Undergrad: 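Structure incoming, see below.
Below, chain A is the first sequence line, B the second, and so on; all start at residue 1. Computed from a predicted model, the values in this text were never measured in an experiment.
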Amino acid sequence: METTGDLLSQARRTLTYLDELESEAVHVFREVVGEFDRPVLLFSGGKDSVVMLHLAVKAFAPSPVPFPVLHIDTGHNFEEVIEYRDRTVERLGVRLVVARVQEWIDSGRLRERADQTRNPLQTIPLLETITAGKFDAVFGGGRRDEEKARAKERVFSLRDEFGQWDPRRQRPELWDLYNGRHRPGEHVRVFPLSNWTELDVWRYIARERIDLPSLYFAHEREVFQRDGMWLAPGDWGGPRSGETVIRKTVRYRTVGDMSCTGAVESGAGDVATVIVEVAASRLTERGATRADDRMSEAAMEDRKREGYF
Amino acid sequence: MYTTHELLRFATAGSVDDGKSTLVGRLLHDTKSVLADQLDAVERVSRDRGFEGADLALLTDGLRAEREQGITIDVAYRYFSTATRSFILADTPGHVQYTRNMVTGASTAEAALILVDVRHGVVEQTRRHAAVAALLGVRHVALAVNKMDLIDFVEGPYLAALADFGDVATALGITEFTPIPDSALRGDNVVDRSDRTPWYDGPTMLEYLERVPVGVNPASLPFRMPVQYVNRPRTPSHPDFRGYSGRIASGVVRVGDPVVVGPSGIQTEVTGLEVLGVPVIEAFAPQSITVILRDELDINRGEVIAAVDEPPSVVRDLLGTICVVDDRPVNTGDRVLLRTGTATVPAIVRGIRDRLDLTTLARAQAEDSLCLNELGTIELRLAQPVAVDPYSRLRNSGSFILIEPQDGSTLAGGMIEV
Ligand SMILES: Nc1nc2c(ncn2[C@@H]2O[C@H](COP(=O)(O)OP(=O)(O)O)[C@@H](O)[C@H]2O)c(=O)[nH]1
């Protein structure tokens, strides 16, 4: 079926929408490498970052990917994600830079929060690593369909020397003429998947047969419920009194800090069934699984202003 | 199923309170693109504000400032899909001072949905929006005549709006447009066909969006590919590979084609093509490809590989219509950077020929500057030649932006005339 579609569109010389999104993302990658000195790609092992890296490989073939990848490690990791991360960078021969939130806490530059959540603590290590590495372009996997504040994000998004995003001072983006000019100390966040939806990402993963961390697919896991979310106990912490751990068949829709990334009950064991599930889902990805984004309607906008992903 | 899906990029425009946010919310809602948690939030806020039912406009105003002021201040992008197409909607706000946003949204749109309130018909803003769509070369225009419920769905005022818009369209050279009577609030003729407009037999808004042709046949336009990046792996497996990577801006290219490289003027031949690592014999717009050429040449980012039989113009003087998108004006004598395709060259604003009045569509004598949201024709002198085309012929190789050299801001977007 795939092949028939591709051949048909080839004959009519029109691109299917996945091919068009792919071509657009590749164009963005090549623009950055053409215009910037030191790009870096944020790589968490989450599906969006995995798709970005896959696109980067295709964009520069047969050359290797011409920039390193950066992982902001909260220390509250799913084991299989770290294993996946290391296996992937090794296979592709890309350089991995890791910034460990734990090191910032140990040295007193950051303080653990009362709720033990470390997602908001990533901003400082991210900004300081960007400065230390003199990175001038930072690829992120953000998509405009994720959330209302992101819907207005540019593909090339300028950050000042404090890493801050000012929604009122964004450069208009006309045609496909991305403007990456910046002053010393400033950097540009670049979002090659801006125009992709969650479903597009999954369909692309299916089409390209992209390998993902196993926790994206249904598996049995010990979980407990907090604020309506299924959390997995781990080094980060576990159930408080009144919260009981049970075994459930679950999968993850997003991958992040274990303390605030919830699993969803699901029997979807492969990409095809995940696509069916995502297409039928009545909750947004973040609404379903991210505690920190549910805090307030403006939660994302506030964190973006401060320099978050 | 999705493998033959096409992608349509379109923009919406309307003046404040014509119901654009409601319409966009309605499109998203009725195509089942709004998820339960988003809808819950909207219903909660609607109740708090004493709105009966869900105020669908709340689905689309994103930023805090907008929430506070209740206006849309920036282009937002929305995504939805149906069984046959995926859509990217550039949602552009309608204030006078935000012409900039409409220009931005229209620059990538193939279709524009222009909204009027049937009680007011065509107003000054409508004329401005139609003018921007025409200038930016948006190929398809639909006129949504909204709030039909407030006039009990009678045909007369709809016909009046249609006739007025027809005059505007003719003046602008818009050869055809599709009028649709609708009620965004009640949902008539947006996704679901209304039984309250029996006199109307045209498409619903969604039918229109699903049927409007996407793109142009690549074979009908000359080949252009701005070089983004020279791919030289110098790896043991590819010691001598040298490819020119870029996205095809227009046309079709085949292995064996003679090509010219602009602005240098070098002629050579395509000996290989790759689409993201896979060798092919033919590629077409808008594919991202890597081209291998017969000769060892010194070709860099910023140059354009093009069809020999219909090459781009190589120029150092440009005439173009710009729209100023920064708070700072563009003045005669300014030193700026011009970005077109993948080329960035220093330029001087030699003069400002005229200012375009979007309301009357008259071109008036201009002073020495154009301010934010103003449009006009300017003359530019470039430090180095560039290979370009008229915008009216080739949208991608005829567009440019002007950049402020000190802080890198985007000052203006422009369309090349010669
Ligand atoms: N009766 C009626 N009211 C509408 C319709 N569409 C929008 N409105 C109302 O008109 C007002 C302005 O709508 P809004 O979508 O915010 O307009 P915008 O400024 O163009 O985005 C709101 O009170 C809407 O509820 C319609 O089709 N019929």
Undergrad: Which region of B:R232, side chain (C-beta onward) or backbone (N, CA, C, O), has a non-hydrogen atom less than 4.5 Å from a non-hydrogen atom of chain A, or is it both or neither?
TA: backbone
Undergrad: Can you check salt bridge (Lys or Arg N to Asp or Glu O under 4.0 Å) on B:R339 and A:E173, steps first, answer last?
TA: CA-CA 12 Å; B:R339 169 80 194 270; A:E173 241 159 29; over 6 Å; no
Undergrad: Taking 4.0 angstrom as the limit, do A:D145 and B:R78 come out as a salt bridge?
TA: no
Undergrad: Heavy atoms only, distances under 4.5 angstrom: which of B:S245, B:G243, B:A109, B:S237 has the most pairs with chain A? Name it, please.
TA: B:S245
Undergrad: For chain B, which candidate among A:K58, A:R171, A:R181 shows the most heavy-atom pairs at distances under 4.5 Å?
TA: A:R171
Undergrad: Highest number of heavy-atom pairs under 4.5 Å with chain A: which of B:T410, B:D326, B:V230?
TA: B:T410
Undergrad: How many angstroms lie between CZ in B:R100 and CG in A:L174, if you round to the nearest 0.5 Å?
TA: 10.0 Å
Undergrad: Carefully, step by step, assess B:T290 and A:R30 under the rule side chain to side chain contact (heavy atoms under 4.5 Å, CB included).
TA: CA-CA 11 Å; B:T290 298; A:R30 290 169 168 177; 3.3 Å; yes
Undergrad: Any idea which of B:N231, B:V325, B:I403 has the most non-hydrogen atom pairs under 4.5 angstrom with chain A?
TA: B:N231
Undergrad: Can you list the steps and then say if A:T14 with B:V214 is a side chain to side chain contact (heavy atoms under 4.5 Å, CB included)?
TA: CA-CA 9 Å; A:T14 57; B:V214 172; over 6 Å; no
Undergrad: Are side-chain heavy atoms of B:F284 and A:L15 found at a separation under 4.5 Å?
TA: yes
Undergrad: How far apart are the closest heavy atoms of A:W175 and B:G414, and which atoms are they?
TA: CH2-O, 3.4 Å
Undergrad: Heavy atoms, side chains only, cut-off 4.5 Å: are A:T16 and B:E6 in contact?
TA: no
Undergrad: Any salt bridge between A:E20 and B:R9, counting N to O under 4.0 Å?
TA: yes
Undergrad: Could you tell me whether A:R95 atom CZ has more than 12 heavy atoms of other residues or ligands within 6.0 Å of it?
TA: no
Undergrad: Chain B: which of A:E31, A:R183, A:E186 shares the most heavy-atom pairs with it under 4.5 Å?
TA: A:E31
Undergrad: With a 4.5 Å cut-off on side-chain heavy atoms, are B:Y229 and A:P66 touching?
TA: yes
Undergrad: Roughly how far, to the nearest 0.5 Å, is the OG atom of B:S107 from the CG atom of A:D176?
TA: 9.0 Å
Undergrad: If you count every heavy atom of other residues, nucleotides or ligands that lies below 6.0 Å from A:L92 atom CG, does the total exceed 12?
TA: yes
Undergrad: With side chains defined as the heavy atoms from C-beta onward, is the minimum distance between A:L177 and B:S399 less than 4.5 Å?
TA: yes
Undergrad: Taking only Lys NZ, Arg NE, NH1 and NH2, and the carboxylate oxygens of Asp or Glu, determine whether B:R301 and A:E35 approach each other closer than 4.0 Å.
TA: yes
Undergrad: Within this structure, what is the OG-CD distance for the pair B:S409 and A:Q170, rounded to the nearest 0.5 Å?
TA: 12.5 Å
Undergrad: Quick one: what part of A:E22 sits under 4.5 Å from any heavy atom of chain B, side chain, backbone, both or neither?
TA: side chain
Undergrad: Does the side chain of A:V26 reach to within under 4.5 Å of the side chain of B:R247, using non-hydrogen atoms?
TA: no
Undergrad: Is any side-chain heavy atom of B:T235 closer than 4.5 Å to one of A:P64?
TA: yes
Undergrad: What are the two closest heavy atoms between B:P286 and A:S23, and how far apart are they?
TA: O-OG, 2.5 Å
Undergrad: So which part of B:I401 gets closer than 4.5 Å to some heavy atom of chain A, the side chain, the backbone, both or neither?
TA: both
Undergrad: Could you tell me which of B:L136, B:N396, B:I289, B:T108 has the largest number of non-hydrogen atom pairs under 4.5 Å with chain A?
TA: B:I289
Undergrad: Side chains of B:Y77 and A:N195: donor-acceptor distance under 3.5 Å anywhere?
TA: no
Undergrad: Taking side chain as everything from C-beta outward and backbone as N, CA, C, O, which of these in B:Q406 sits under 4.5 Å from a heavy atom of chain A? Side chain, backbone, both or neither.
TA: backbone
